[in-house]
J.: 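This structure is in structure tokens; I'll ask about it shortly.
In the text below, chain A, chain B and the rest are named by the order of the sequence lines, each starting its count at 1.
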Amino acid sequence: MIRQILHVDMDAFYVSVEELLDPSLTGKAVIVGGDPEGRGVVASASYEARKFGVRSAMPLQQAKRRCPHAVFIRGHYAKYSEWSSKIHHIFSRFTPLVEMVSVDEAYLDLTGCNLLHGPALRAADTLIRTIKQETGLRCSVGASTSHVVSKIASDLAKPHGLMCVFPACEAAFLAPLPIRRMPGVGKVTEAKLLILGIKTIGDAQRRRREDLERQFGKFGEWLHRKAFGQDIEAYAWHDSARSLSHETTFPSDVADLEIIQQALSHLSQRLAYRLRDHGVKAQTIGLKLRYANFQTVSRERAVPQPTCLDYEIFQAAFDLFRATYDRRQKVRLLGVRASHFTSQPRQADLFEAEREQKMGRALYTADQLRSRFGFDAVRLARSLDKGREPSS
DNA sequence: TCTGGGGTCCTAGGACCC
DNA sequence: TCTGGGGTCCTAGGACCC
């Protein structure tokens, strides 16, 4: 049976949701990301803003220079998730085999669904219309026999388009495209490939697999296969997260230990809250530290006992910080990461068990409040900002 | 130009064990 | 005294994606 894979990509998703929330934005240059004077980057830009050269991941200050009249919006991320669920729901009506790769992107496996939805091209067309009709959102779709090809096709179809690559045409379709079009080939890899004379996907097709493998290891073998539009596996698909993290970039670089401690505490609390929400404990806690000069270091360490407790995570993160920090430099960013999850209960002596139970009760109450009123409704002592009343 | 925040995966060296 | 080889785990860093 011939595989039928659709890749669906929402057009300017965040901006489009903002337009639904506030129709007066429609047709304007809109940039979601935050304060244009701050240190953020563009998360999503309307097509009107893109006319001025504004792109995703561009520093907001630069976007402001290119498009001074744009409306800058911080972003309503909870709303984006809601709309993402609505879209997911529509996808599920076409096939049970839906892989949401991010809030605004999914693969649909329609293999064997011909009787239900007709040929892939028709099914894709119906899908685009249904989404537009039921949500007001627009999307682009790629259709082919594999994930890579459909992904690249939907990219070329943007905005609001549909591109179908018929069976046995995959390699010929890919051949003329620049190698950078291949998902997984970024700036760095592109540069390495160019040195070897691989400018297009067709160039990669003409190399011997063994040569690519010798030069690039596992990646070389991967590239050779993908260049012909072949997927072995659908996706490296995990239903549970492998790591969770929070990080923050300060509005301006910081040397004050008090502020650093507060930030680490706040990040630890957010992280712990999410670990409990996922029902897991972390065996490894990590710290990310970016200096003013953008030099970035990370440290991680296995903790004595798996944990999901605010204070223990903070302790671990702060220990790593003290062992790592170079006092001569100011800090731009701090991050805390948890990984190596276990759902196993930990062994604790009686004293520990009692303490943890008390702690657990307090945190349970805090979590309840947070899920109703938002994370910052409850703050533990260390991250209470000086001179500011806690919000509850 | 001045570089977010949340993730995943891969590589490579060293420790450690058999 | 000089010296294996393989396997796995841990940690740090980096490329990439949205």
Side-chain angles (χ1 to χ4, degrees), chain A residues 7-14 31-45 53-66 74-75 77 80-81 84 100-107 147-148 151-152 154-155 158 180-193 216-223 226 233 235-253 267 270-271 274 278 283-303 320 323-324 332-341:
Chain A
H7 180 256
V8 187
D9 203 336
M10 305 305 296
D11 297 335
F13 183 60
Y14 295 171
I31 295 171
V32 174
D35 175 13
E37 316 297 329
R39 303 169 110 181
V41 300
V42 175
S44 178
V54 176
R55 295 283 176 270
S56 280
M58 173 183 281
L60 286 165
Q61 292 177 22
Q62 191 182 348
K64 174 84 177 172
R65 277 192 300 274
R66 294 202 177 190
R74 181 148 190 73
Y77 292 87
Y80 307 153
S81 293
S84 180
M100 291 297 291
V101 237
S102 69
V103 278
D104 69 339
E105 204 183 311
Y107 290 102
H147 287 68
V148 227
K151 163 97 181 154
I152 293 175
S154 75
D155 218 31
K158 282 196 159 293
R180 184 70 151 83
R181 282 274 172 192
M182 180 67 74
V185 175
K187 220 168 129 183
V188 176
T189 310
E190 182 194 23
K192 286 185 197 161
L193 290 166
F216 293 99
K218 228 176 187 173
F219 173 81
E221 192 270 335
W222 176 93
L223 181 65
K226 298 275 171 169
E233 290 267 310
Y235 232 78
W237 195 244
H238 307 286
D239 36 25
S240 52
R242 323 271 281 179
S243 72
L244 293 171
S245 66
H246 277 288
E247 61 185 64
T248 185
T249 296
F250 294 108
S252 59
D253 302 331
L267 292 167
R270 289 198 98 97
L271 184 56
R274 284 220 292 149
H278 278 68
Q283 290 170 289
T284 304
I285 297 299
L287 172 85
K288 179 165 158 183
L289 175 55
R290 175 169 290 155
Y291 291 109
N293 65 5
F294 223 72
Q295 182 204 351
T296 308
V297 288
S298 63
R299 294 285 179 273
E300 60 176 52
R301 192 178 295 159
V303 286
L320 288 170
T324 309
R332 178 188 178 92
L333 168 149
L334 284 173
V336 182
R337 195 175 100 98
S339 58
H340 295 102
F341 297 143

J.: Can you give the dot-bracket line for DNA chain B, where a pair is Watson-Crick or G-U wobble with both atom distances under 3.5 Å, crossing pairs use [ ], and | marks a partner on another strand?
T.: ....||||||||||||||
J.: Using the P atom on both, measure B:dG4 against C:dG14 and round to a whole Å.
T.: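 It comes out at 16 Å once rounded to the nearest Å.
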J.: Pick base, sugar-phosphate or nothing for A:Arg66, based on heavy-atom distances below 4.0 Å to the nucleic acid.
T.: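 Answer is nothing: A:Arg66 stays at 4.0 Å or more from every strand.
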J.: If you measure from the P atom in C:dC18 to the same atom in B:dT3, how many Å do you get, rounded?
T.: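 Comparing P positions in C:dC18 and B:dT3 gives a spacing of 23 Å.
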J.: Determine the contact category for A:Val103: base if any of its heavy atoms lies under 4.0 Å from a base atom, sugar-phosphate if only primed atoms, P, OP1 or OP2 are that close, otherwise nothing.
T.: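 No contact.
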J.: As a test of understanding, state which of A:Ser245, A:Ser243, A:Ser298 forms a side-chain hydrogen bond (donor to acceptor under 3.5 Å, both in side chains) with A:Arg337.
T.: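 Testing each of A:Ser245, A:Ser243, A:Ser298 against A:Arg337, the sole residue satisfying side-chain hydrogen bond (donor to acceptor under 3.5 Å, both in side chains) is A:Ser243.
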J.: Could you tell me whether A:Leu60 contacts a base, only the sugar-phosphate backbone, or nothing, with contacts defined as non-hydrogen atoms closer than 4.0 Å?
T.: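 Since no nucleic acid heavy atom lies under 4.0 Å of A:Leu60, the category is nothing.
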J.: Please determine whether a side-chain nitrogen or oxygen atom of A:Arg299 lies at a distance below 4.0 Å from atom OP1 or OP2 of C:dG13.
T.: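 Yes, A:Arg299 has a side-chain N/O under 4.0 Å of OP1/OP2 on C:dG13.
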J.: Take A:Val42 and A:Arg274, find for each the nucleotide of DNA chain B with the closest heavy atom, and name the residue whose nucleotide sits nearer the 5' end.
T.: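 So the residue in question is A:Val42.
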J.: Check the phosphate of B:dT3 against A:Gln62, side-chain N and O only, distance under 4.0 Å to OP1 or OP2. Yes or no?
T.: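 No, no such contact exists.
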J.: Stacking between B:dC2 and A:Phe294, yes or no? Criterion: centroid separation under 5.5 angstrom, plane angle under 30 degrees.
T.: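 It does not: the ring fails the test against the base of B:dC2.
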J.: OP1 or OP2 of B:dC9 versus the side-chain N and O atoms of A:Arg242: is any pair under 4.0 Å?
T.: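 Answer yes for this pair, as a side-chain N or O of A:Arg242 is under 4.0 Å from OP1 or OP2.
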J.: When we call it a touch if two heavy atoms are under 4.0 Å apart, what does A:Ala43 touch: a base, just sugar-phosphate, or nothing?
T.: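 No contact.
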J.: For A:Arg332 and A:Lys218, find the nucleotide of DNA chain B closest to each by heavy atoms; which residue's nucleotide sits nearer the 5' end?
T.: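 Per heavy-atom nearest nucleotide, the more 5' residue is A:Arg332.
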